[in-house]
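Contents: one structure, followed by commentary.
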Protein chains: 2
Amino acid sequence: MATIDDVAKAAGVSTSTVSYVLSGKRPISAPTRARVERAIEKLGYRPHAGARALASSRTNVIALMAPLRVGVNVPVIMQFVTGVVTRARDFDHDVLLLTQDDVSGLDRVTGGSMVDALVMMDIEADDPRVPLVAAAKQPTVLIGLPQDPEGLSCVDLDFEAAGRVAVRHLATSGHTDVALIGSPPEVLQRHTSYAERLMRGLRNQAKTSGVTVKVEACDSSPSGAATAVDTLLATAPDITGIIVHNEGALPHVLSRLAERGRVVGTDMSVVAVCPTDVALSQRIPMTSIDLPAEDIGKVAVDMVMTRLEGEHPSETRLLAPVLTERESSAHGPAAVVD
Amino acid sequence: MATIDDVAKAAGVSTSTVSYVLSGKRPISAPTRARVERAIEKLGYRPHAGARALASSRTNVIALMAPLRVGVNVPVIMQFVTGVVTRARDFDHDVLLLTQDDVSGLDRVTGGSMVDALVMMDIEADDPRVPLVAAAKQPTVLIGLPQDPEGLSCVDLDFEAAGRVAVRHLATSGHTDVALIGSPPEVLQRHTSYAERLMRGLRNQAKTSGVTVKVEACDSSPSGAATAVDTLLATAPDITGIIVHNEGALPHVLSRLAERGRVVGTDMSVVAVCPTDVALSQRIPMTSIDLPAEDIGKVAVDMVMTRLEGEHPSETRLLAPVLTERESSAHGPAAVVD
DNA sequence: TAGCGTTGTTGAAACGCTTCGACGATTCCG
DNA sequence: CGGAATCGTCGAAGCGTTTCAACAACGCTA
């Protein structure tokens, strides 16, 4: 492999000049620049990442810690990852992928200066990783909201607002008894904050709008979904609106409702909280509050980069929920029909 | 951050001794080792990855190029990724994630010596990336089979054998007319080799077993699946066995069959080619040929590591298909019932 | 015309690690 | 008991960049 010295020699300039051509940190005259660039081209020169990292203390790599266990949210996770990776490339950075359970990896990549910054997904209310990365010298952005961010930046969908929007949508179209089919029990037990935030919004708005709301945890399996639907139908037969916040269970919930003779979009309104493409690939197009996973990933990277260049303070950004009406929701019993 | 020199000073030894303690490349006496380790511990020392890479020309990072576009195989891709990442950790390596379309990334990470080796997924028959990585100094393992591997190692499920196994299973249980519901048309147009290999096996075995086989491409959407099923039922009404090789379409195919009054597992046998967890999360447990995505990812890493340590020749490994009978397949019309 | 600020370029000192050759101290063998 | 092989440790030379201080050449201003 050609080195920067080879390039310098070929272009008839000093090593540092080549470096400055590459980095743009000092003015270089047009002819010199041209000679250097031609030499680079001719030799097929690529700066050695390790040498660069050593000299500049910058790796141009960010770490992304993602929950890779197979399970529930796979497509959603994928979208986060896609957002992070593509946006990172816009900033000329690459992404080192860490698995959620590789907690020691945090130490490894930060302590070993393998990365310039971190993005961590799927943050729990009391996440043990937060203090770890808070102590690192690299800036970190959390996707999700821990109880105590310890000075780290956070980004997420505003689930509390999403809960409110969902209930308000159902309430204003005449539903008086609604339910939430939510995350699997283990997610709730982990105190993943988004589930709790959604419920808070839900309940507050229910009070405000004067509707009842019943909450049912739900396993993502077909049988889990069936159980949840059956329980709901049995214990709260007056329900005419369901909010589903569980991508995995969504198709099975719809199947079960059909099996139980409920026509979604007619005598049962369903609002999903999920990515748009998931909402659209159900048996009927779902009214949904978009979970803009890819965007959130991109915003996370934007925030990381901001912190990387200058001493900006940490911030928390909650993206406003957007509800799109499609065919799965309709007027409820109390609707004023004109 | 503490450096190796700090550790050496604290332990009262030379720098190189510390290095040898860390790498184990030279014998170190027990007491010396102990002193060094204590110093490392006390100072919280972590070797600087860049410096290490520079001096040793080893990064302990491998690149993984994965198709991150949202779409069909998301869960499968995820399993590949999981397999690669976890197995890489077993070898003390981290994973740099590249997106499929970031072709220039190949040059960047190889030329810049950011990684020791590459793993590339979703290889097409005539993949433009293959010559690129074949020219790189880092070893590469392909997940999938290009027409010309150009000296690279490959690993994949033996789809040709899978085709044979699937047909043989149906044939021996008395089915005489079977069909394949396969990948989306765009996948076929890309000449993704697995689709073609599956079909080859299918057709050969059909000839051998004396059964007819009809092939239908299939979009992964609900409507795509419905169309495929309808076409099949219309143009080949005698079919009693279907092989589905399309994770995304599978649930919709089953739904449509149900809507069309076919009882899967009774008057229609269905064999899926997909990961086991997908087979199990359908409306009924599917007879399936496992697509062991995570295993394939692990094997890919094993092969990478083999090539990294010594001059082993390149190899191609095709994993033998395993068919597991569950509730979606049964005896066909020609079965000899005793 | 002396002095000054620009502009463009250079040389050399880091950056933190690995590894090779060397060397004193032991142990081994005949 | 002398020489050879082995063991454990060290010093120093890289690895390929970035970046800082310095400086030559130039046009300006006063």
Side-chain angles (χ1 to χ4, degrees), chain A residues 1-37 39-40 43-61 92 108-116 137 309, chain B residues 1-37 39-40 43-61 92 108-116 137 309:
Chain A
M1 246 338 20
T3 73
I4 197 173
D5 286 320
D6 300 332
V7 174
K9 212 158 294 172
V13 300
S14 74
T15 313
S16 41
T17 300
V18 177
S19 178
Y20 287 126
V21 166
L22 252 26
S23 70
K25 293 194 177 175
R26 294 255 173 118
I28 299 288
S29 69
T32 306
R33 173 191 313 286
R35 285 213 315 288
V36 170
E37 279 166 351
I40 289 178
L43 299 178
Y45 165 72
R46 302 269 164 215
H48 187 286
R52 185 172 267 201
L54 180 56
S56 67
S57 326
R58 280 288 233 125
T59 62
N60 274 37
V61 174
D92 195 32
R108 179 159 31 87
V109 301
T110 56
S113 300
M114 298 182 72
V115 302
D116 296 337
K137 59 179 181 301
E309 52 199 24
Chain B
M1 245 342 13
T3 73
I4 197 174
D5 285 320
D6 299 333
V7 174
K9 213 158 292 170
V13 300
S14 75
T15 313
S16 44
T17 299
V18 177
S19 178
Y20 287 126
V21 166
L22 253 27
S23 70
K25 294 195 178 176
R26 292 237 177 137
I28 299 289
S29 69
T32 307
R33 174 190 312 285
R35 286 214 314 286
V36 169
E37 279 166 353
I40 290 178
L43 299 178
Y45 165 72
R46 302 269 165 215
H48 186 285
R52 184 171 268 200
L54 180 56
S56 68
S57 330
R58 280 290 232 121
T59 63
N60 273 37
V61 173
D92 195 31
R108 180 159 31 88
V109 301
T110 56
S113 300
M114 298 182 72
V115 302
D116 296 337
K137 59 178 181 301
E309 52 198 25

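Sequence lines set the chain letters: A, B, ... in the order given, protein chains first and strands last, and positions in each chain run from 1.
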Legend entry - Nearest to side-chain heavy atoms of A:H48, which nucleotide of D:dT9, D:dG16, C:dT9: D:dG16

Legend entry - Distance test, side-chain N/O of A:K25 to OP1/OP2 of D:dT19, below 4.0 Å: yes

Legend entry - Which residue lies more 5' along DNA chain D, comparing A:A51 with B:G12 via nearest heavy atoms: B:G12

Inset, instruction - Specify the separation, in whole Å, of atom CD1 of B:I28 and atom P of D:dG8. - result: 8 Å

Inset, instruction - Check whether any side-chain heavy atom of B:N60 sits under 4.5 Å from a side-chain heavy atom of B:R52, and report yes or no. - result: no

Legend entry - Min side-chain heavy-atom separation B:L22-B:I40 under 4.5 Å: yes

Inset, instruction - Name the residue closer to the 5' end of DNA chain D, choosing between A:Y45 and B:S29 according to the nucleotide with the nearest heavy atom. - result: B:S29

Legend entry - For the student: nearest non-hydrogen atoms of B:I28 and B:Y20, plus distance: CD1-CB, 3.9 Å

Inset, instruction - Could you check whether A:S19 gets within reach of a base, just the sugar-phosphate, or nothing at all, counting any heavy atom under 4.0 Å? - result: base

Inset, instruction - For A:R46, report the nucleic acid contact type (base, sugar-phosphate, nothing); a contact means any heavy atom under 4.0 Å. - result: sugar-phosphate

Legend entry - Side-chain heavy-atom pair A:M1, B:K137 within 4.5 angstrom cut-off: yes

Inset, instruction - Would you mind reading off the distance between B:M1 atom CE and C:dC15 atom P, rounded to a whole angstrom? - result: 15 Å

Legend entry - d(CG, A:D6; C1', D:dT17) in whole Å: 13 Å

Inset, instruction - May I have the distance from A:R52 (atom CZ) to C:dA14 (atom C1'), rounded to whole angstrom? - result: 17 Å

Legend entry - Atom-pair distance (NZ on B:K9; P on D:dC10), nearest Å: 14 Å

Inset, instruction - Choose from D:dG16, D:dT19, C:dC17 the nucleotide whose nearest atom is closest to any side-chain atom of A:Y20. - result: D:dT19

Legend entry - Nearest-angstrom distance from the residue atom CG of B:L54 to C1' of C:dC15: 9 Å

Legend entry - Options D:dG16, D:dT9, D:dC15, nucleotide nearest the side-chain atoms of B:A55: D:dC15

Inset, instruction - Among the candidates D:dA21, D:dT17, C:dT18, find the nucleotide nearest to the side-chain atoms of A:T3. - result: D:dT17

Legend entry - 5'-most by nearest nucleotide on DNA chain C - A:A30 or A:T15: A:A30

Legend entry - Minimal non-hydrogen separation, B:V36 against B:A11, with atom names: CA-CB, 3.9 Å

Legend entry - Heavy-atom donor-acceptor pair, B:R26 side-chain to C:dG21 base, under 3.5 Å: yes

Inset, instruction - Could you tell me the separation between the CZ atom of B:R58 and the C1' atom of C:dT19, rounded to a whole number of Å? - result: 15 Å

Legend entry - Smallest separation among heavy atoms of B:S29 and B:T32, with atom names: OG-OG1, 2.8 Å

Inset, instruction - Look at the side-chain N and O atoms of A:S56 and state whether any lies under 4.0 Å from the OP1 or OP2 oxygen of D:dT18. - result: no

Inset, instruction - Using a heavy-atom cut-off of under 4.0 Å over every strand shown, decide if A:P27 touches base, sugar-phosphate, or nothing. - result: base

Inset, instruction - Specify the separation, in whole Å, of atom CG of B:D5 and atom P of C:dT18. - result: 11 Å

Inset, instruction - Classify the side chain of B:S16 and the base of D:dG11 as holding, or not holding, a donor-acceptor pair under 3.5 Å. - result: yes

